[in-house]
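Everything numeric in this text was worked out from a predicted model, so none of it was measured. First the proteins, then the strands, lettered A, B, ... as listed; each starts at 1.
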Amino acid sequence: MTATGIGAPVRRKEDQRFVTGQGRYVDDFNRPGQAYAYFLRSPHAHAAIRSIDTGPAMIMPGVIAVFTGDDLAADKIGGLICGWMIHSKDGSPMKAGPHPALAQGKVRYVGDHLAVVIAETLAQAKDAAEAIVVDYDVLPAVVDTAQATKTPVQVHDVSPDNTVFNWHLGNKDETEAAFARAKHVTKIDLVNNRLVPNPIEPRAAVGEYDFGTDNYTLYTTSQNPHVARLVLSAFIGVAPEHKLRVIAPDVGGGFGSKIFIYAEETVCVWAAKKVKRPVKWTSDRSEAFLSDAHGRDHVTHAEMATDENGKIIGLRVHTTANLGAYLSTFSSSVPTYLYAPLLSGQYDIPAIYCEVDGVYTNTAPVDAYRGAGRPEATFVVERLVEKTARELGQNPAEFRRRNYITQFPHATPVIMTYDTGDYAASLDKALEIADYKNFEQRKQESARRGKLRGIGFSSYIEACGIAPSQAVGSLGAGVGLWESAEVRVNPTGSVEVLTGSHSHGQGHETTFAQLVSDRLGIPIDQVSIVHGDTDKVQFGMGTYGSRSGAVGMSAIAKAIDKVIAKGKKVAAHVLEASEGDIEFKDGRFGVAGTDRSMAFGEIALQAYIAHKFSGQDLEPGLKEGAFYDPTNFTFPAGVHICEVEIDPDTGVTKIERWTAVDDFGVIINPMIVEGQVHGGIAQGVGQALLEGAVYDQSGQLITASFNDYCMPRAIDLPSFQVGMTVTPCPSNPLGIKGCGEAGAIAAPPAVINAITDALGHEDIAMPATPQAVWRAAQKARMPMAAE
Amino acid sequence: MYAFEYHRPASLKEAASLAGQAEDAKFLAGGHTLLPTMKLRLAGPANLIDLGQIAELRGIERSGDTITIGAMMKHAEVASSAEVKQAIPALAEMAELIGDPHVRNRGTIGGSIANNDPSADYPAACLALNATIITNQRKIAADDFFQGIFTTALEEGEIITQVSFKVPSQAAYAKFRNPASRYALVGVFVAKHADRVRVAVTGAGSNGVFRAAEMEQALSGSFTSEALNGVSVSEDEMNSDIHADSAYRSHLVGVMARRAVQEAAARG
Ligand SMILES: Cc1cc2nc3c(=O)[nH]c(=O)nc-3n(C[C@H](O)[C@H](O)[C@H](O)COP(=O)(O)OP(=O)(O)OC[C@H]3O[C@@H](n4cnc5c(N)ncnc54)[C@H](O)[C@@H]3O)c2cc1C
């Protein structure tokens, strides 16, 4: 390991600019002549639009234009799309209702886009938006996930009972047979609470049109600018792909919510040409709460069958997944193929059957949010495993161990083939770090102070490194999920890496440079990482699903191999040896068995001056590209242990200890990985204890600001004890599995298992607020009185 | 935010006369309630009269058994004031529990009291510490000042200049924070005065801050947490929202009251 190579805890290169306020985010881009867009949003969850009178707004000061859905339709601008086709059990395609960027005929959630005002200033645009007269026929709304199919309210005409799909996965008959012969069946009902993603930077977009060249430019807060360009051109039809440049500069967090292609950015590009001015929109926090795609929102009943030896023999799951009012870009894949395939957890379960009903409601669209489907699956499996162990009177750690998969590769009944892992090793290490053997003593000590102490496990697994293109294609994906990279070596030997991955907090400028430094033997300050601009990077699939290490860096590694191969050819000429005798080691090209060698930078210069070889033998220059398509998902896994202490008088839960032992395969930068783990746990604890989006029955979002929607703060969290185990991933050249979502996936069941352990009472919903815990503590104390 | 005229008077007199002349005017103190409301376009005063430059509204003074705090004193200033800490440590601690450092370094005691948010902390301190709200026109006993959520005895254009608190022999404030906003989900201020014990509850009541008469009676007999056994506030008078229903709030009032009494007693 070199000081800046793979495995070194290099400080993040990008932090200098971020912490000194020099980052450049979309809202920092101001184009000459720029005008401001403000969206008039629906105050109703469900209403027919009788008429929209924009006249009074048009004559307000500073107003340049006011557009509605009719204007988009007149220009043949298509609706927003959902890029993953899910088929129901009966083979019928999912029922996708129309999703115009500006509403037509109907609004379907509070925050739905009705019209856009473009004005000289934002304040003028807002003033004018207030002057638009909309005549609504307010309709009853459906907001409740479990009730969505049982109401006369109909969100979309294509779906009379609000069902998007009735999907399933697994081996049904074998599962029924397993339950028939089970010694014990454990049942659980779970709600996976709806979350608002809340990246620190709200969404923003600047659209620009150049009448001279007929080129469009969109600056947007995107995790995947190329996908945005593809969708905006090929599907929505705003501009031809080769005429549209999408730039996603510094982006202040996404957590999934910036994967999707939204109405606002669509309208900004289109309107820029209409009004012949650059058009900027920046979301405020209130708009973010209402209109960023939310996460989770599942209602699940699940059952686990065990035999007489305490071996899990079957799992069946029924989930209703709320998809909101419209199908967002990848929404349909989240509660299906990103969910059910993880239901085997770390366990050898021969029979699994899962049914998922996707439903429409009059709420904000729901799509991928950190973990996307996998936290929901882990919550089901780990709550159920814990409950089963308790019902069987077994130690929860040992019950897990007895059921762990130990032979790899392992094919689950839910279409995944786990490549490698050592789950018991992570468990042992976690038990050690958590000082599990003295837990009882700590529990008694708490009891002496009138407090309830509990411990909870989470043996999570996730499928990352998304994903083999052929495989996802066969499952309904509209795109391939490879990644691309280009490694450009300059004559001075410095290197630019152009990557299709996009960093919005992950630290790619550091970790990607570490890979280059490691492979080419040059210092990391000789490397720059270029991303987030479709004019610079040819194509890419972006960053989500913990894919940038396993997939994005694998593409870079592939391109580096090609650079080294070309370098060897150059070196052979310069060093007057045969190509087969050239070795590349420690940053130098040398002739085997001699002391003749040249540094990487010297060979780079030779490649460009091209004095030592003829153009007939070898092309000048040193630049190589690669596309890398993974052959399998990767399977990060680990064990988290949460220890809580509850004050039964107030219901306050304090997390006393947190142990995280993760197997992420090969680690590029342990400091960045720990940071990802910390952030993930914080988000998972947020879901378990604090966060929850609540709509009232009329469809108003009650938790529409930080006054009511509680984000985790540092004070809510203990100092984390993080440990690692490593089984290198066999399916990619770097052995990387991915680490970006693990904490958010592992944490919620660990917290709830700890709380239910402390209370001796299984029935507690997330977020486990003080009120909810107090009430559960009351019930646990007085089981009779509570009934 | 809607457009408005901004005024910055240098004296109380000037502020009052501006308020008399300007149409649809609002006083601006720390702005931590008013400005967010304006940004959300829920308020749109035509004139803002900034009280920030008025020297008469500043200062903290002890005289005999009262401590008097200028309306424009920030929460952080009260929290760190040696006089306050010495005279009524519970009041300094209460100020330290407000919001976060940003809020404490902008928000003011006058603004908090004028606003009378049902979850704000100061109103409980005012009732428990038998405060007098001093305005540019008169003196109002705290018991008469708070008149239900966001409602006070202030007349149009009337300016709070000072608040004077009675120094108790023992006092403490126990706050259960709303996890999201950090305002009081339930806050109980207990103070033992020479004549009687006062117990004020904020955050919980459906009609805003109130004095818990039964608790006061019980504690006036014996200033111990045990004295509160069997004494509770009625659920029917409690607020209910997504964070806490009335039963939980009523329970928390009991818990916080006991904790406050224990703390006050421990302080001696
Ligand atoms: C994130 C956040 C968290 C908070 N947490 C808490 C908390 O935990 N506990 C708590 O108690 N408070 C909390 N607050 C409120 C804050 O501490 C202030 O007390 C509150 O905003 C009012 O004070 P201000 O000085 O900001 O008043 P402003 O917002 O400037 O004014 C509020 C109102 O009072 C009027 N006013 C102001 N001064 C006077 C005066 N001298 N005479 C007459 N009228 C006047 C104004 O016209 C306006 O109507 C929080 C606020 C925020 C933003």
Side-chain angles (χ1 to χ4, degrees), chain A residues 38 61-62 121-127 129-130 193 196 198 284-287 289 450 647-654 685-686 688-696 700-716 767-778 786, chain B residues 1-4 32-33 36-42 44 97 99-103 117-120 174-188 203-204 225 228-229 232 235 238-260 262:
Chain A
Y38 183 74
T121 70
L122 179 59
Q124 288 170 333
K126 283 188 181 180
D127 288 344
E130 286 181 5
N193 43 330
V196 181
N198 281 317
D284 62 30
R285 190 56 68 182
S286 305
E287 290 180 281
F289 268 102
D647 177 349
D649 287 341
T650 58
V652 169
T653 300
K654 183 157 182 283
V685 168
L689 293 181
L690 307 165
E691 299 181 49
V694 180
Y695 285 93
D696 71 12
Q700 294 296 328
L701 183 62
I702 301 178
T703 52
S705 82
F706 292 134
N707 248 343
D708 290 306
Y709 187 92
C710 187
M711 297 293 284
R713 296 173 167 96
I715 199 170
D716 299 315
T769 59
Q771 167 168 251
V773 172
W774 171 72
R775 196 141 278 143
Q778 297 287 103
Chain B
M1 207 176 264
Y2 297 102
F4 57 87
H32 262 47
T33 292
T37 333
M38 289 170 65
K39 281 188 183 171
L40 289 169
R41 297 191 159 211
L42 298 173
L97 284 172
D100 53 50
H102 296 83
V103 174
D117 187 303
S119 317
K175 176 176 181 178
F176 191 91
R177 284 174 155 170
N178 175 320
S181 74
R182 296 201 157 181
Y183 276 87
L185 198 67
V186 167
V188 179
S225 62
L228 291 174
N229 288 345
S232 62
E235 259 181 66
M238 295 294 106
N239 184 14
S240 179
D241 58 27
I242 58 164
H243 303 288
D245 62 19
S246 49
Y248 181 54
R249 273 196 163 88
S250 141
H251 166 77
L252 278 183
V253 171
V255 175
M256 292 298 121
R258 269 184 277 277
R259 289 186 183 179
Q262 276 161 12

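Partners of B:Q262 by side-chain contact (heavy atoms from CB on, under 4.5 Å), not counting sequence neighbours, listed by chain and number: B:S225. With sequence neighbours excluded, the residues satisfying ring pair (Phe, Tyr, Trp, His ring centres under 6.0 Å) with A:Y709 are A:F289.
Note that OH of A:Y38 is 13.0 Å distant from OG1 of A:T121, once rounded to the nearest 0.5 Å.
For chain B, the nearby parts of A:D127 are the backbone and the side chain; heavy atoms of each come within less than 4.5 Å. Only the side chain of B:F176 comes within contact range of chain A, with heavy atoms under 4.5 Å apart. For B:R249, no part lies under 4.5 angstrom from a heavy atom of chain A. Proximity to chain A (any heavy atom under 4.5 Å) is restricted, for B:N178, to the side chain, taken from C-beta onward. With a threshold of 4.5 angstrom between heavy atoms, B:R259 approaches chain A through side-chain atoms but not through N, CA, C or O.
B:H32 and B:H102 make their closest contact through NE2-O, 3.8 Å (heavy atoms, listed as atom of the first residue, atom of the second, distance).
Ranked by non-hydrogen atom pairs under 4.5 Å with chain A, the options B:L252, B:L40, B:I242, B:D241 are led by B:I242. Ranked by heavy-atom pairs shorter than 4.5 Å toward chain B, the options A:T650, A:D649, A:T769 are led by A:T650.
In this structure, A:R285 is not positioned above the aromatic face of A:F706 in the sense of NZ or CZ being under 6.0 Å from the six-membered ring centre and within 45° of the axis.
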Working for side chain to side chain contact (heavy atoms under 4.5 Å, CB included), residues A:E691 and A:T703: CA-CA 9 Å; A:E691 299 181 49; A:T703 52; over 6 Å; no
